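Here is the naming used below: chain letters follow the sequence lines, and residue numbers restart at 1 for every chain. If you're wondering where the values come from, they're calculated on a predicted model, not measured in any experiment.
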Number of protein chains: 2
Amino acid sequence: MAPKRTTVRDLRRQNRSTLLSTLFFDGPLSRYELSRRSGLSAATVSNVTGELVDDGLVVEAGSVDSDGGRPRVLLRVNPAFGHVVGVDVGETGIKVELFDLSLTQLAAFDRPLSPSSPTAVASLIAAAVRDVVDSAGVPASTVLGVGIGVPGTVEQGTTAVVHAPTIGWDGVRLEELVASASESAWPLYVENGAKTQGQAEMWFGAGRGARHVVIALIGSGVGAAVVTDGGVYRGATSSAGEWGHTTIVYGGRPCRCGALGCLEAYVGAEGILDRYRKARGRELAAGDEQSTVAALIDSASRSKTAARVLEETAGYLGAGIANLVNLFNPERIVLGGWAGLALGSHQLDRIVAATRAHALRHPYEQISIELGRLGPDAVAVGAATLPVAALLDRAADPRKPAPRVDIA
Amino acid sequence: MAPKRTTVRDLRRQNRSTLLSTLFFDGPLSRYELSRRSGLSAATVSNVTGELVDDGLVVEAGSVDSDGGRPRVLLRVNPAFGHVVGVDVGETGIKVELFDLSLTQLAAFDRPLSPSSPTAVASLIAAAVRDVVDSAGVPASTVLGVGIGVPGTVEQGTTAVVHAPTIGWDGVRLEELVASASESAWPLYVENGAKTQGQAEMWFGAGRGARHVVIALIGSGVGAAVVTDGGVYRGATSSAGEWGHTTIVYGGRPCRCGALGCLEAYVGAEGILDRYRKARGRELAAGDEQSTVAALIDSASRSKTAARVLEETAGYLGAGIANLVNLFNPERIVLGGWAGLALGSHQLDRIVAATRAHALRHPYEQISIELGRLGPDAVAVGAATLPVAALLDRAADPRKPAPRVDIA
DNA sequence: GACCTTAGTTTGCGACTTAAAATTAGCCTA
DNA sequence: TAGGCTAATTTTAAGTCGCAAACTAAGGTC
């Protein structure tokens, strides 16, 4: 069912999509340059871009004068063509952000979230989306879609089914709930937050330009977004990339997922702190996880115990990364998530060394390990990316509104 | 560079490829049925298949009478259109097999292989290929290509570079060596043996019909072929799927790759035997690995130690499989390789239970775990599959001989 | 102001798929 | 043995598409 190119019109759609995507990611570009990059003839580029301009998707953006000869007119995606909303459903609150097509933020709302029923959360989302759109004074009709990142696995079927144990969701059809809670019929895209954050790193962060990347995300939980051949890898039911619950110490520490020896139990924030607690033999000062980890890292220069725990953490993490390297053979590893960034900026050498020790030589030699550039607030941008990807993918074909499209 | 559909001719090529592949995998089929499956109009199917018949790629194969009305004429790929050769370079010998286009074996040669230089092996391969083609009386010109499966990682670049520590190869450009050792200019396709074996399971074995599969191969070494979206996953430099050197016991048993705690050190044949040896506290009876493992499994009903070692093996293996499930979210796991089949047929329940214990619930619920159906001799068929895949992929476009194509 | 250079457009054509009409190719009935 | 009927292919007549080549636009140089 997948490779069903058939009519000659699909060709056009494909070329529209290619040109639009090129403009989006590498724009502004002249028609001439587009022709060079896409391999399409100048005639076709002219023809297709003309259509895109007529449709309002693309606008001219000044010109660059050549030394002798007609100056090139630059084209770029029209940021005002439409708007997208990104929602980050976190464990303690939701963030809703409105963007224009160039993913420039126009408005943002934060709402605290006390543990409540999925239906209540859905209503909250629907209301917040409506509010953020209204507050920015954006006409509802220009909203192209709403992307929602959630903290759990999302099975993509006819409708997305969310399993998020940390907030007590099991088999929640979030898409349907939000749709029925909101009066607007904006297309909804529900996706795992790690995947949306990964997509954000790919589009705007440390993943740019690469086609095979693993974005490792470490916070309270541990996850990964695996990008293969330029697209987020989903697997059969879209729950791929559950790196955190990969066994790294057979029979080791119990994990909150119920299994023993998961990577998350060693390098997740809670796992690190708990190991430190045990090593010191007494409780830590109270405080939220994030600042406690920061304090731990800070104390490493003074406390031998802290230093050792962090050293061990780097070892486990390196082994975990090496597993990704051996299995996926990426060209780049991006280390993200708040704890990942904290660990990475103080221990990167050690992490890299541990990775080298555990990975096979040849796949190891392909990779570079980098820190993420976006931070955990990228979940919302990443979610907003989903409707944009859908737009680029179907090239906003005016003839076929395409209710639902997988992102690229 | 990937999604470059441009001209209207690519469309035709694509449709040729689709129809030819459908006939190859699901044939024989009538034009009518082809039209139904491909979504192409009857006119186009008629047109394209006519071309394929003219080119000799497809032949009519009887007809099926309908109840009143013109009977459907069945079409199938012409097995005699060409021939392909599959080579299995093992650690102790090479197998060379000749097939027709339907992958029916026409001739086979085995050659023992004493450790020798890559150049010598290349000459041996070239000579054996020539011999097998001659012995079957097949005209050299009908040989469409030669696939070579090797026991090590293969970096696919402009030319394949082989790293096979077990036979002492490091950075061997096998393709070039074989090409210069043989007088025929048949296209060569070099690939990791685990991947070719996996491809064979996908085409003819336990993987049929699924799109996301992991074929786990356990013998002396441990590897995996990961199939995502119907195609063998390669990663950035084609060395993905090195499951055996994934860390499963951080700081555990030393592995021959130099790292500690690799899965292979626990569930590879040598790892199993060594653990048994240590558990018994004395040496085992001499014998080759394969029969020793068989004896160990056989003795499990009498020896508590043997039973315990196997039980532990199932545990490690289950955890390893669970890692694949969590990371790749496949719909099917195929357990293969001689040791994998041996373990699987005596311990499948235990392995499945251990997998369930370590995998997340939702991805776990998607999978079925099955035994491979082909055995390790499938490496050669799998290798022969490579030139066939190339043929199907470019649909044997008469205008463009396509020197080198990635397999589907 | 004549002439060159480069960017973008038009025009004419060959290739492609499709829907609809026309043609087979068997089977059945009288 | 001739109609008649049904259903699979083929043919025919559009309608699209991308491309090469010819052409126009816009800016320099001398």
*Asks:* Check every atom of dA26(D), dA19(C), dA20(D) against the side chain of A43(B) and return the nucleotide holding the closest atom.
*Replies:* dA19(C)

*Asks:* Nearest 0.5 Å please: distance from the CZ atom of R31(B) over to the CG atom of L74(B).
*Replies:*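 These two atoms lie 10.0 Å from each other.
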
*Asks:* What's the closest nucleotide to the S46(A) side chain, out of dA8(D), dT9(C), dT17(C)?
*Replies:* dT9(C)

*Asks:* Starting from P on dC17(D), measure out to CD on Q14(B) and report it in whole angstrom.
*Replies:*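 In whole Å, dC17(D) P and Q14(B) CD are 18 Å from each other.
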
*Asks:* Whole angstrom is fine here: how far is it from CG in L29(B) over to P in dT9(D)?
*Replies:* 11 Å

*Asks:* In whole angstroms, how far is the P atom of dT9(C) from the CG atom of L75(A)?
*Replies:*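 Computing the L75(A):CG to dT9(C):P distance gives 9 Å.
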
*Asks:* Tell me yes or no: between the side chains of T18(B) and S21(B), is some donor less than 3.5 Å from an acceptor?
*Replies:*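 No.
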
*Asks:* Could you please name the option among dG8(C), dT9(D), dT18(C) that lies closest to any side-chain atom of S30(A)?
*Replies:*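 So the side chain of S30(A) is nearest to dG8(C).
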
*Asks:* Rounded to whole angstrom units, what separation is found between the CG atom of N47(B) and the P atom of dG14(C)?
*Replies:*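 Rounding to the nearest Å, CG of N47(B) and P of dG14(C) are 18 Å apart.
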
*Asks:* Closest approach to the side chain of R12(B), judged atom by atom: which nucleotide of dT9(D), dG26(C), dT17(C) is it?
*Replies:* dT17(C)

*Asks:* Rounded to whole angstroms, how far apart are CG on D10(A) and C1' on dT18(C)?
*Replies:*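 Atom-to-atom, D10(A) to dT18(C), this comes out as 13 Å.
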
*Asks:* Indicate whether OP1 or OP2 belonging to dG18(D) is found under 4.0 Å from a side-chain N or O atom of T7(B).
*Replies:*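 The answer is no; no side-chain N or O of T7(B) sits under 4.0 Å from OP1 or OP2.
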
*Asks:* Among the candidates dC17(D), dG8(C), dT11(D), find the nucleotide nearest to the side-chain atoms of R72(A).
*Replies:*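 In terms of side-chain proximity for R72(A), the closest of dC17(D), dG8(C), dT11(D) is dG8(C).
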
*Asks:* If you look at every strand shown and take non-hydrogen atoms under 4.0 Å, does V73(A) touch a base, only sugar-phosphate, or nothing?
*Replies:*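 Counting heavy atoms under 4.0 Å across all strands, the contact made by V73(A) is with sugar-phosphate only.
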
*Asks:* Please check this pair: side chain of K195(A) against backbone of S238(A), looking for a donor-acceptor N/O pair closer than 3.5 Å.
*Replies:* yes

*Asks:* Return the nearest nucleotide to the side chain of R70(B); candidates are dG18(D), dA7(D), dT18(C).
*Replies:* dA7(D)

*Asks:* Measuring to OP1 and OP2 of dG18(D), would you say a side-chain N or O of T44(A) lies under 4.0 angstrom away?
*Replies:* no

*Asks:* Quick one: does Q105(A)'s side chain have a donor or acceptor within less than 3.5 Å of a partner on L98(A)'s backbone?
*Replies:*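 Here the side-chain-to-backbone pair does not exist.
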
*Asks:* For the helix from dG1(C)-dC30(D) to dA30(C)-dT1(D), figure out the bend between the end axes, five pairs an end, and round to 10 degrees.
*Replies:* 20°

*Asks:* Does a side-chain N or O from N15(A) land closer than 4.0 Å to OP1 or OP2 of dC17(D), or not?
*Replies:*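 Answer is no, no contact under 4.0 Å.
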
*Asks:* Decide yes or no for V133(A) and V85(A): does some side-chain heavy atom of the first lie under 4.5 Å from some side-chain heavy atom of the second?
*Replies:* yes

*Asks:* In this structure, how many angstroms lie between the C1' atom of dA8(D) and the CG atom of L40(B), rounded?
*Replies:*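 My rounded result for the distance is 17 Å.
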
*Asks:* Between R36(A) (CZ) and dT6(C) (C1'), how many Å, whole number?
*Replies:* 15 Å

*Asks:* Is R9(A) near enough to dT17(C) that one of its side-chain N or O atoms lies under 4.0 angstrom from OP1 or OP2?
*Replies:*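 Looking at the OP1 and OP2 atoms of dT17(C), neither is under 4.0 Å from any side-chain N or O of R9(A).
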
*Asks:* State which residues pass side chain to side chain donor-acceptor pair (under 3.5 Å) with S102(A); sequence neighbours excluded, sorted by chain then number.
*Replies:* D100(A), T104(A)

*Asks:* Side chains of Y233(A) and V227(A): closer than 4.5 Å at any heavy-atom pair?
*Replies:*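 Counting from C-beta outward, Y233(A) and V227(A) never come under 4.5 Å.
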
*Asks:* Taking the minimum atom-to-atom distance to the side chain of V8(A), which one of dA19(C), dC17(D), dG8(C) wins?
*Replies:*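 Minimum distance to the V8(A) side chain belongs to dC17(D).
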
*Asks:* Which whole-number value in Å describes the distance from L34(B) CG to dA7(D) P?
*Replies:* 20 Å

*Asks:* What residues, two or more places apart in sequence or in another chain, satisfy salt bridge (Lys or Arg N to Asp or Glu O under 4.0 Å) together with E33(B)?
*Replies:*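 Listed in chain order: R36(B), R37(B).
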
*Asks:* Give the nucleotide from the list dT18(C), dT9(D), dC16(C) with an atom nearest to the side chain of L11(B).
*Replies:* dC16(C)

